[in-house]
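Taking it in order: structure first as structure tokens, then the write-up.
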Amino acid sequence: MCDGKKITALSRPVKCMLKYKKIIMLKHTFTILPGVGTRFERHLWREGVFTWEDFLTRIHIPGVSQSRKNIFDREITKALHALEKGDIDYFSIRLHHNEYWRLFDAFHKDAVCLDIETMGGPAGYGEVTIVGMYGRDQMHTLIKDINLDSGTLKDILFQYKLIITYYGRVFDIPFLHKSISGLKVDMPNYDLCFAARRLNIKGGLKKLEAYFGMRREDSITGMDGYDAVKLWGKYIEGDEDALKILLKYNEADTKNLYQLAEVLSMMLSREYGPENINR
DNA sequence: CATGTTGAGGACTAATGTTG
DNA sequence: CAACATTAGTCCTCAACATG
């Protein structure tokens with residue numbers, strides 16, 4: 001698979017690099033300003049305006065009139081406050097959802113990885129059997145007919161602000177909406193599947209794990225989602241060990257999302273952030 | 001298997017903003 | 001002021017694709 005798009009050489013002096021090395025991607029993001037798209041954002045970076053602070057510090061910026069500068073200064077000040085308060089909504093309503101990866105390094109402490117298992121069938125038809133959630137170094141597992149219900153799910157999920165999934169925008173989230181009544185997940189969803197595709201890395205979760213050299217425990221290597229369906233069937237017929245394996249599988253899936261989120265957001269900021277100004 | 005979403009592409013429009 | 005650049009929004013197609 002995946003000859004990833006080659007990471008182009010750094011187009012700015014190294015000293016500039018060092019400057020924004022430790023700065024979170026969100027502070028490089030100007031598309032939160034009204035009327036600013038990715039093109040104009042690039043223009044700002046090219047002008048040496050790399051961060052919100054840069055923007056506020058500069059008296060004059062080419063392409064930004066004084067009156068608009070004043071408006072943007074106020075907006076950026078608001079953004080800084082929102083970031084300080086941890087108000088993710090301020091940003092998620094101003095960002096396109098394919099740019100939610102930019103939220104990760106700012107909000108990784110409030111991020112939760114989510115992965116579900118079902119009884120099979122296409123999205124929305126079967127039932128959810130397992131919901132795994134992993135955030136703040138904690139694993140939560142909800143099991144059908146034991147502790148999986150709308151209330152418990154909400155209690156856990158809504159402690160967090162950002163959801164990380166693999167293909168969840170298509171599968172997990174719609175599936176939960178259809179099968180858990182009264183559930184509405186409206187938190188921003190950083191979907192790693194599409195993040196990877198944007199980097200020209202294609203394949204399922206397991207393929208990505210292999211690509212990045214992530215290992216799984218022997219007992220669950222080679223398993224896929226369909227195996228998970230079969231394991232649930234065995235468990236229903238009384239095989240308790242089947243459930244144990246299923247839980248282990250789900251936990252591995254869920255936890256690995258976090259590492260993947262880290263590496264992918266790093267690669268995306270290399271590719272689409274101010275480090276790579278050309279193109 | 002069914003499903004729905006994506007990015008990338010293009011092609012418009014209307015509006016807004018900047019510049020000399 | 002005219003010329004230019006950019007954005008947001010709409011529409012459209014397209015094939016590719018990963019989920020359990």
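Throughout, protein chains are lettered first and strands after them, A, B, ... in sequence-line order, and every chain is numbered starting at 1.
Of the N and O atoms on the side chains of A/R102 and A/T29, at least one donor lies less than 3.5 Å from an acceptor on the other residue. Side-chain contact annotation: A/T221 with A/D218, donor-acceptor N/O pair under 3.5 Å absent. Checking A/Y90 against A/H81 by side-chain atom types alone, no donor-acceptor pair falls below 3.5 Å. Between A/E47 and A/W45, the side chains place no donor N or O within less than 3.5 Å of an acceptor N or O (distance only, hydrogens not considered).
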Table please: side-chain donor-acceptor pairs of residues 167-175 of chain A below 3.5 Å, with sequence neighbours left out.
residue, atom, partner, partner atom, Å
A/R169, NH1, A/H97, ND1, 3.4
A/R169, NH2, A/N189, O, 2.5
A/D172, OD2, A/I116, N, 3.1

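For NZ of A/K69, the number of neighbouring non-hydrogen atoms (other residues, nucleotides, ligands) closer than 6.0 Å is greater than 12.
What separates CD1 of A/I130 from C1' of C/dG20 is a distance of 12 Å, to the nearest Å. A/D172 has its CG atom 13 Å from the C1' atom of B/dT3, to the nearest Å. Computed from coordinates, the A/H177 NE2 to B/dG4 P distance equals 15 Å when rounded to whole Å. Rounded to an integer number of Å, the gap from A/I220 CD1 to C/dG20 P is 13 Å. Atom OH of A/Y249 and atom C1' of C/dG20 are 8 Å apart (whole Å). At whole-Å resolution of the value, OH in A/Y167 and C1' in B/dA2 are 11 Å apart. For A/Y166 and C/dC17, the OH to P distance is 11 Å, given to the nearest whole Å. Summarising the geometry, the separation between NE2 on A/H97 and P on B/dT5 is reported as 9 Å, rounded to the nearest angstrom.
Applying the side-chain hydrogen bond (donor to acceptor under 3.5 Å, both in side chains) criterion to A/T254, with sequence neighbours excluded, gives no partner residue. In this structure A/R136 satisfies the side-chain hydrogen bond (donor to acceptor under 3.5 Å, both in side chains) test together with A/D110, sequence neighbours excluded.
Residue A/N250 is classed as having no contact, given no heavy-atom separation below 4.0 Å to the nucleic acid. At the heavy-atom level, A/N98 lies under 4.0 Å from the strands shown only through sugar-phosphate atoms.
When side chains are defined from C-beta on, A/L56 counts as touching A/L80, because their heavy atoms get closer than 4.5 Å.
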Could you go over nucleotides 16-20 of chain B and give all protein N or O partners under 3.5 Å, atom names and distances?
residue, atom, partner, partner atom, Å
B/dG17, O3', A/R68, NE, 2.9
B/dT18, OP1, A/S65, N, 2.6
B/dT18, OP1, A/S65, OG, 2.6
B/dT18, OP1, A/R68, NE, 3.0
B/dT18, OP2, A/S65, OG, 2.5
B/dT19, OP1, A/G63, N, 2.7

Could I get a table of every N or O pair under 3.5 Å where one atom is in the protein and the other is in nucleotides 6-13 of chain C?
residue, atom, partner, partner atom, Å
C/dT7, OP1, A/G37, N, 3.2
C/dT7, OP1, A/G37, O, 3.3
C/dT7, OP1, A/R39, N, 3.3
C/dT7, OP1, A/F40, N, 2.6
C/dA8, OP1, A/V36, O, 3.4

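Within residues 183-197 of chain A, the residues approached by DNA chain C to less than 4.0 Å at the level of any non-hydrogen atom are A/C193, A/R197, in residue-number order.
Checked against the 6.0 Å centroid criterion, the rings of A/F55 and A/W52 do not qualify as a close aromatic pair.
A salt bridge does not link A/R58 with A/D54: every distance from a Lys NZ or Arg NE/NH1/NH2 to an Asp or Glu carboxylate oxygen is 4.0 Å or more.
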